[in-house]
**Q** 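Take this structure first; my questions come after.
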Amino acid sequence: MTKIDCLVCHDRTGTYMKVPTEAGMPDPAVDLVRVAKSVGRTSRRTCGECHFNGGGGEAVKHADMSRQLLDPERSCDVHMGGYDFQCSECHRTRNHKIAGRSTSVPVSEGGFSCENCHGERPHYGDGLLVHHLNKHAETIACNTCHSPVYAKCKPTVVSWDWSKAGDKNRKPIKDKYGMQDYDWKKGEFTWLESGKPVYTWYNGSMKRMLLGDRVDLDVSPIHITEPVGSIKDPGSKIAPFKFMEGVNAFDLEHRYFLVPHLFPKGKEDATAFWKHADWQKSFTAGMQAAHLPYSGKYEWYRTRMYWGIEHEVMPANMALSCVQCHESLKGERTCNRCHQDNKTVDFKKIAQKGTDFSYMASKGRDVSHLIGTTDYIDFKALGYKGDPILHGGRFKKLPMGYTPQ
Ligand code: HEC
Ligand code: HEC
Ligand code: HEC
Ligand code: HEC
Ligand code: HEC
Ligand code: HEC
Ligand code: HEC
């Protein structure tokens, strides 16, 4: 970290800002003396100044970060809302190495996880679910249960089609969330609020396409990032992601991703897309700047990125219930499929305890299609034969002491 200025993270007046065209220099209107006198610890605001806007707008790339985290409701983010955590309370920083891996870029200053604070057995007390929940935590990432929907505080972009950019006459249309579907500079967007994540096995590593990597153009979509993991690997867990679907340009001869030159460098700029809306010129200039040859032939291809869901953890009572995953626990027989009935315990009620999508829908969230659903994480897609209560877990043929009908 040598090319970054100090005040962007350490200002506490909230007035420090940059101008996009000044290559990182502060806005001349900022009172630098006042800012310099204010320096102190970082905050959600200083870190969010950059991270709430990844992708050139709020919540565009990160499904789980937006300005809502400046002062979130408890139900939006239990740590930053309920307990007023600052970013660096989780992203512990020593000698300016900010812990926390990204799922998109391969720089790393050390990772950390929920378990660093909560331990491998985070559920405690004498509740009847504690045993099974801690057992599940060996196979299922915390946020699979604790963040059952992403972008619940603010809609996020789930598809971005660059090929449509350039039509200065096309009028943007507002979707049901009030978000615009088009921007002539950037193309066509789809937004989603309270999206259901995609679940996949993840061992903490990502495969990433880097600039200049040749790809197989016949595979659709082309994965820009993809989690590594497998049901057979004890180090992998089922983790939640947002898909960012895209349409991007590739060099037909060199078979790699093309970097466009977008932002005009002054009045004389003859190639910037945001001035001339000409892809050919923009790729020629962009690839020159990236020091990679461009054949002059480009084509648009479907792409996909996986974005991890790390923030906006919901309060404990809004985690997925047993029934929301296990169809087998939905009927009259629940825990007593395997355990003896106990007159003082209402098994049915315990198995249903968790996220209430009808309550969220009543608060205006876009989740009515999720009310009453089970098999939330799609066991078959993950490589199970079906509900593990009936068919067994990944390393167990069948749960002990239970014979399926
Ligand atoms: C990307 C954000 C970021 C930038 C940029 C940044 N810092 Fe920090 N700095 C932090 C964080 C995070 C901490 C840990 C404590 C906190 O949260 O404030 C910290 C801590 C510090 C501390 C306390 C001692 C320590 O090491 O824990 C000093 C002094 C400091 N920074 C000075 C600077 C200076 C001088 C610069 C510019 C060269 C700078 N910082 C740039 C994020 C940043
Ligand atoms: C001046 C803009 C800026 C500020 C302010 C800033 N960051 Fe970043 N940060 C970036 C960029 C750019 C990246 C790399 C791309 C990305 O992940 O979006 C990054 C990456 C990260 C990563 C992933 C690192 C990795 O190794 O993969 C974390 C975690 C992070 N920042 C946390 C913070 C925290 C916490 C703060 C506040 C103390 C902060 N950032 C302040 C711009 C900033
Ligand atoms: C409750 C803990 C917690 C808080 C608070 C928190 N984060 Fe994170 N964040 C995480 C975890 C866990 C990860 C994943 C880290 C890893 O795998 O090493 C993460 C990852 C990230 C990443 C990389 C995400 C990606 O996939 O590209 C960024 C950037 C980031 N956090 C920024 C922030 C910012 C900015 C704030 C404050 C507004 C913040 N975080 C507050 C827990 C937290
Ligand atoms: C820096 C430490 C830290 C990290 C990292 C962290 N937490 Fe927490 N978390 C806490 C503390 C402190 C509390 C409040 C006291 C408690 O309930 O243990 C809390 C509370 C919770 C609660 C209960 C909230 C309630 O009151 O209903 C859940 C659920 C939770 N965390 C899940 C997570 C998940 C999931 C992650 C990873 C994305 C995570 N935590 C990362 C420290 C952390
Ligand atoms: C199979 C789903 C599931 C997984 C996986 C899971 N949790 Fe939970 N968690 C729950 C449920 C449900 C509750 C509420 C329990 C209750 O109300 O009795 C809960 C409660 C909690 C609480 C509040 C304290 C308590 O014991 O009630 C914390 C803190 C917590 N979880 C953290 C985590 C962390 C950290 C992880 C990952 C290491 C994790 N959970 C993994 C479902 C899960
Ligand atoms: C996020 C979805 C999810 C939730 C919520 C969930 N389970 Fe599971 N459950 C699974 C998966 C996946 C497995 C298979 C684990 C493995 O491969 O070992 C499993 C396996 C089981 C098994 C059989 C294997 C074993 O560990 O003995 C039982 C019993 C079980 N779950 C009960 C419960 C109960 C009780 C709850 C509520 C506290 C619950 N499950 C909540 C996904 C879930
Ligand atoms: C598919 C069979 C199955 C179902 C369904 C099931 N359990 Fe279990 N449960 C087990 C088994 C087997 C154990 C023993 C430890 C192990 O292998 O996980 C166990 C252990 C427990 C324990 C710990 C007992 C001890 O002595 O430590 C509790 C409490 C518990 N289950 C409660 C529940 C509740 C509540 C439900 C319903 C929400 C439930 N179980 C559903 C199979 C099941």
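As the structure lists them, so they are numbered: ligands from 1, and atoms in each ligand from 1.
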**Q** Show me which atoms of ligand 1 lie under 4.0 Å from any heavy atom of Asp5.
**A** 5 (C)
**Q** Taking heavy atoms and a distance under 4.0 Å, where does Thr46 meet ligand 2: side chain, backbone, both or neither?
**A** backbone
**Q** Heavy atoms only: which of Gly48, Cys47, Gly111, Cys9 lies closest to atom 38 (C) of ligand 2?
**A** Cys47
**Q** Using atom 8 (Fe) of ligand 6 as the vertex, how large is the angle between NE2 of His136 and NE2 of His326, rounded to 10 degrees?
**A** 180°
**Q** Do the ring planes of Trp162 and Trp160 sit parallel (below 30°), tilted (30 to 60°) or perpendicular (above 60°)?
**A** parallel
**Q** Can a salt bridge be assigned to the pair Arg74 and Glu312 using a cut-off of 4.0 Å between side-chain N and carboxylate O?
**A** no
**Q** Of the backbone and side-chain N, O or S atoms of Cys6, does one lie nearer to atom 8 (Fe) of ligand 1 than 2.8 Å?
**A** no
**Q** I'd like to know if Phe395 contacts ligand 6, where contact means a heavy-atom distance under 4.0 Å to any ligand atom.
**A** no
**Q** Checking side-chain polar atoms at under 3.5 Å, does Asp269 have a donor or acceptor matched by the opposite partner on His276?
**A** no
**Q** Considering only heavy atoms, does Ile140 approach ligand 6 within less than 4.0 Å through its side chain, its backbone, both, or neither?
**A** side chain
**Q** Which atoms of ligand 1 have any heavy atom of Ile98 under 4.0 Å away?
**A** 1 (C)
**Q** Give yes if a backbone or side-chain nitrogen or oxygen of Ser88 is under 3.5 Å from a nitrogen or oxygen of ligand 1, and no if not.
**A** yes
**Q** What atoms of ligand 6 come closer than 4.0 angstrom to any heavy atom of Tyr384?
**A** 12 (C), 14 (C), 15 (C), 16 (C), 17 (O)
**Q** With heavy atoms only and a cut-off of under 4.0 Å, state how Glu49 meets ligand 2: side chain, backbone, both or neither.
**A** neither
**Q** I'd like to know if the side chain of Asn143 reaches the main chain of Ile309, judged simply by a donor and an acceptor atom lying under 3.5 Å from each other, with no hydrogens or angles considered.
**A** yes
**Q** Any ion pair linking Lys176 and Asp366 (charged N to carboxylate O, less than 4.0 Å)?
**A** yes
**Q** Hey, is Lys207 close enough to Asp213 for a salt bridge, meaning N to O under 4.0 Å?
**A** no
**Q** So, for Phe273 and Trp279, is the gap between ring centers shorter than 6.0 Å?
**A** yes
**Q** For the residue pair His254 and Tyr294, is the inter-centroid distance of their aromatic rings smaller than 6.0 Å?
**A** no
**Q** Going by the atom numbers of ligand 2, which of them fall below 4.0 Å from some non-hydrogen atom of Ser102?
**A** 17 (O), 23 (C), 25 (C), 27 (O)
**Q** Atoms of ligand 2 less than 4.0 Å from His91 heavy atoms?
**A** 29 (C), 35 (C)
**Q** Find all atoms of ligand 6 within a distance of less than 4.0 Å from any non-hydrogen atom belonging to Pro388, and give their numbers and elements.
**A** 11 (C), 13 (C), 14 (C), 19 (C), 20 (C)
**Q** Report, in ascending order of atom number, the atoms of ligand 6 lying under 4.0 Å from any heavy atom of Leu133.
**A** 38 (C)
**Q** What are the atoms of ligand 6, with element, lying closer than 4.0 Å to any heavy atom of Phe379?
**A** 10 (C), 11 (C), 12 (C), 42 (C)
**Q** Which residues pass the side-chain contact (heavy atoms from CB on, under 4.5 Å) test with Thr200, sequence neighbours left out?
**A** Pro227, Phe241, Tyr306
**Q** Can the SG atoms of Cys9 and Cys47 be said to lie under 2.5 Å from each other?
**A** no
**Q** Using a 4.0 Å heavy-atom cut-off, say whether Ile389 meets ligand 6 through its side chain, its backbone, both or neither.
**A** side chain
**Q** Is the shortest side-chain N to carboxylate O distance from Arg365 to Glu193 below 4.0 Å?
**A** yes
**Q** For Leu129, take its heavy atoms, then give the atoms of ligand 6 lying under 4.0 Å from any of them.
**A** 38 (C)
**Q** How are the rings of His123 and His146 set to each other: parallel, tilted or perpendicular (split at 30° and 60°)?
**A** parallel
**Q** Determine, considering heavy atoms only, which of Arg45, His51, His96 sits nearest to atom 8 (Fe) of ligand 2.
**A** His51
**Q** Where does Tyr376 meet ligand 6, judged by heavy-atom distances below 4.0 Å: at the side chain, the backbone, both, or neither?
**A** neither
**Q** Out of the N/O/S atoms in His10, what is the name of the one closest to atom 8 (Fe) of ligand 1?
**A** NE2
**Q** May I ask you to check if ligand 1 and Thr93 share an N or O to N or O distance below 3.5 Å?
**A** no
**Q** With salt bridge (Lys or Arg N to Asp or Glu O under 4.0 Å) as the criterion, how do Glu332 and Lys348 come out once you've worked through the C-alpha distance, each side chain's angles and the decisive distance to 0.1 Å?
**A** CA-CA 7 Å; Glu332 283 310 306; Lys348 246 183 115 169; 3.1 Å; yes
**Q** How about Tyr16 and Asp31: does a side-chain donor come under 3.5 Å of a side-chain acceptor?
**A** no
**Q** With heavy-atom distances below 4.0 Å as the criterion, list the atoms of ligand 6 near Ile238.
**A** 12 (C)
**Q** Do the two ring centres, one from Phe85 and one from His311, sit under 6.0 Å apart?
**A** no
**Q** With heavy atoms under 4.0 Å as the rule, classify the contact between Arg394 and ligand 6 as side chain, backbone, both or neither.
**A** both
**Q** Between Ser321, Gly354, Pro240, Ala351, flag the one that comes closest to atom 5 (C) of ligand 6 by a heavy atom.
**A** Ser321
**Q** Among Arg12, Glu89, Arg41, which residue places a heavy atom closest to atom 15 (C) of ligand 1?
**A** Arg41
